[in-house]
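Note that the structure is predicted; figures quoted are calculated from it, not measured.
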Amino acid sequence: SAGQVLTSNGSGSAVSWAAASGGKVVNYSSTVVTAAGSQSVGQGNYSNNIIGISYAAASSSNKLLLIASVSVGYQHGQSVAARFSVSNSTIAGSTGDADGNRRRATTAAWLNSQYQVTNMTLSYQHSSPSTSAVTYGVQLGQSDNSTQTVYWNRSYDDSNHDYRIRAATTLTIIELEG
């Protein structure tokens with residue numbers, strides 16, 4: 001019948017037809033930010049969302065695959081952190097374990113100079129998503145002391161030369177059947 005798949009019943013047993021279940025793509029949404037931006041971020045804090053998608057899952061038993069590609073810059077050699085958020089709060093399961101005062105992030109990147117733009121790739125499978133529209137996003141943090149500025153889609157030194165880079169940041173949500 002339509003929608004069935006051939007299923008193994010184990011070694012030495014005959015195969016059979018069964019209804020397909022789980023793993024099918026239910027829906028997706030994607031956005032891109034091409035504009036360059038910056039935000040001042042206090043020590044130990046994160047920015048507001050630099051990119052976001054309002055999304056309502058078809059079922060709370062489904063899973064959302066969150067994928068982001070973020071282009072970042074900083075004012076000198078230092079780490080920039082990134083994390084996924086939902087409704088402007090961190091998605092705790094998408095970050096490293098808590099340990100003392102260490103910053104929890106989905107990923108981090110080291111930038112060597114104010115002229116550099118680097119890419120950060122984030123991915124996470126989010127369980128039990130909301131069936132009401134909520135905003136999924138990416139936030140940036142910095143690893144310097146005091147308040148510093150993080151940049152996206154550009155370097156700190158954004159002078160008008162053909163050797164300076166402007167880039168894009170993307171966020172994609174793929175909803176998978178639970």
Side-chain angles (χ1 to χ4, degrees), residues 28-55 57 63-127 129-130 133-176:
Y28 72 93
S29 184
S30 186
T31 190
V32 62
V33 171
T34 59
S38 65
Q39 189 171 348
S40 294
V41 179
Q43 181 178 350
N45 295 317
Y46 277 90
S47 69
N48 295 324
N49 287 340
I50 64 164
I51 190 169
I53 296 175
S54 179
Y55 192 86
K63 299 189 183 330
L64 302 183
L65 180 58
L66 308 175
I67 305 167
S69 177
V70 181
S71 299
V72 296
Y74 197 64
Q75 62 197 19
H76 56 268
Q78 192 57 268
S79 290
V80 174
R83 71 179 183 188
F84 281 119
S85 67
V86 61
S87 301
N88 288 313
S89 296
T90 185
I91 300 176
S94 74
T95 64
D97 289 344
D99 188 7
N101 292 325
R102 292 168 184 84
R103 178 188 305 269
R104 297 179 71 187
T106 304
T107 193
W110 176 264
L111 284 92
N112 291 323
S113 77
Q114 65 185 1
Y115 307 108
Q116 183 180 358
V117 174
T118 195
N119 179 268
M120 301 170 75
T121 301
L122 298 78
S123 63
Y124 178 68
Q125 183 177 289
H126 183 53
S127 299
S130 176
V134 295
T135 299
Y136 293 90
V138 175
Q139 301 172 334
L140 298 177
Q142 51 87 11
S143 295
D144 241 334
N145 51 15
S146 71
T147 297
Q148 303 293 337
T149 303
V150 292
Y151 302 87
W152 56 93
N153 299 340
R154 59 163 276 195
S155 62
Y156 166 80
D157 183 338
D158 193 38
S159 55
N160 187 19
H161 298 286
D162 61 1
Y163 47 83
R164 294 291 175 250
I165 296 170
R166 287 286 179 102
T169 292
T170 63
L171 175 61
T172 301
I173 298 174
I174 301 171
E175 185 173 355
L176 303 169

Legend entry - Shortest non-hydrogen contact between Val117 and Arg154, atoms and distance: CG2-C, 3.5 Å
Inset, instruction - Using a 4.5 Å cut-off on heavy atoms from C-beta on, say whether the side chain of Trp110 contacts that of Gln78. - result: yes
Inset, instruction - Calculate, to the nearest 0.5 Å, the distance between atoms CZ and OG belonging to Phe84 and Ser123 respectively. - result: 6.5 Å
Legend entry - Distance in Å, Asp97 CG paired with Arg104 CZ, rounded so as to fall on 0.5 Å steps: 6.5 Å
Legend entry - All ring-ring contact (aromatic ring centres under 6.0 Å, His included) counterparts of Tyr74, not counting sequence neighbours: His76
Legend entry - Worked verdict on Arg83 versus Thr95 for side chain to side chain donor-acceptor pair (under 3.5 Å): CA-CA 7 Å; Arg83 71 179 183 188; Thr95 64; over 6 Å; no
Inset, instruction - Provide the closest heavy-atom pair for Val80 versus Gly73 in the form atom of the first, atom of the second, distance. - result: CG2-O, 4.5 Å
Inset, instruction - Please step through side chain to side chain contact (heavy atoms under 4.5 Å, CB included) for the pair Thr135 and Ser54, ending with a clear verdict. - result: CA-CA 4 Å; Thr135 299; Ser54 179; 4.2 Å; yes
Inset, instruction - Work out which heavy atom in Leu171 is nearest to a heavy atom in Gly137; give both atom names and the distance. - result: CD2-CA, 4.1 Å
Inset, instruction - Could you tell me the separation between the CD1 atom of Ile67 and the OG1 atom of Thr170, rounded to the nearest 0.5 Å? - result: 9.0 Å
Inset, instruction - Give, for atom OG1 of Thr149 and atom CD of Gln75, the distance between the pair rounded to the nearest 0.5 Å. - result: 6.5 Å
Inset, instruction - Applying side chain to side chain donor-acceptor pair (under 3.5 Å), run through Ser146 and Gln148 and close with a yes or a no. - result: CA-CA 6 Å; Ser146 71; Gln148 303 293 337; 3.2 Å; yes
Inset, instruction - Identify the two heavy atoms, one from Val150 and one from Gln142, that lie closest to each other, and give their separation to 0.1 Å. - result: CG1-CB, 3.8 Å
Inset, instruction - Taking salt bridge (charged side-chain N to carboxylate O under 4.0 Å, His left out) as the test, write out the residues that go with Arg166, two or more places apart. - result: Asp158
Legend entry - Atom pair OG (Ser87) and CG (Asn49), whose distance is rounded to the nearest 0.5 Å: 9.5 Å
Legend entry - Pairing residues for Tyr151 by the ring-ring contact (aromatic ring centres under 6.0 Å, His included) criterion, not counting sequence neighbours: Tyr156
Legend entry - Heavy-atom closest pair, residues Ser29 and Ile53: OG-CG2, 3.5 Å
Inset, instruction - Could you check Asn153, Ile50, Leu111, Thr169 and say which one makes a side-chain contact (heavy atoms from CB on, under 4.5 Å) with Val72? - result: Leu111
Legend entry - Nearest heavy atoms of Thr172 and Ser30, plus distance in Å: OG1-OG, 3.0 Å
Legend entry - Approximate separation, where rounding is to 0.5 Å, of Asp157 CG and Ser113 OG: 9.0 Å
Inset, instruction - Determine, stepwise, if the pair Leu140 / Gln39 fulfils side chain to side chain contact (heavy atoms under 4.5 Å, CB included). - result: CA-CA 9 Å; Leu140 298 177; Gln39 189 171 348; over 6 Å; no
Inset, instruction - Determine whether Pro129 and Tyr136 make a side-chain contact, defined as any pair of heavy atoms from C-beta on separated by less than 4.5 Å. - result: yes
Legend entry - side chain to side chain contact (heavy atoms under 4.5 Å, CB included) evaluation trace for His126 with Ile91: CA-CA 8 Å; His126 183 53; Ile91 300 176; 3.8 Å; yes
Legend entry - Between Asn119 and Ser69, a side-chain donor and acceptor under 3.5 Å: yes
Legend entry - Gln139 and Ser47: CA distance, side-chain angles, deciding distance, side chain to side chain contact (heavy atoms under 4.5 Å, CB included) verdict: CA-CA 5 Å; Gln139 301 172 334; Ser47 69; 4.0 Å; yes
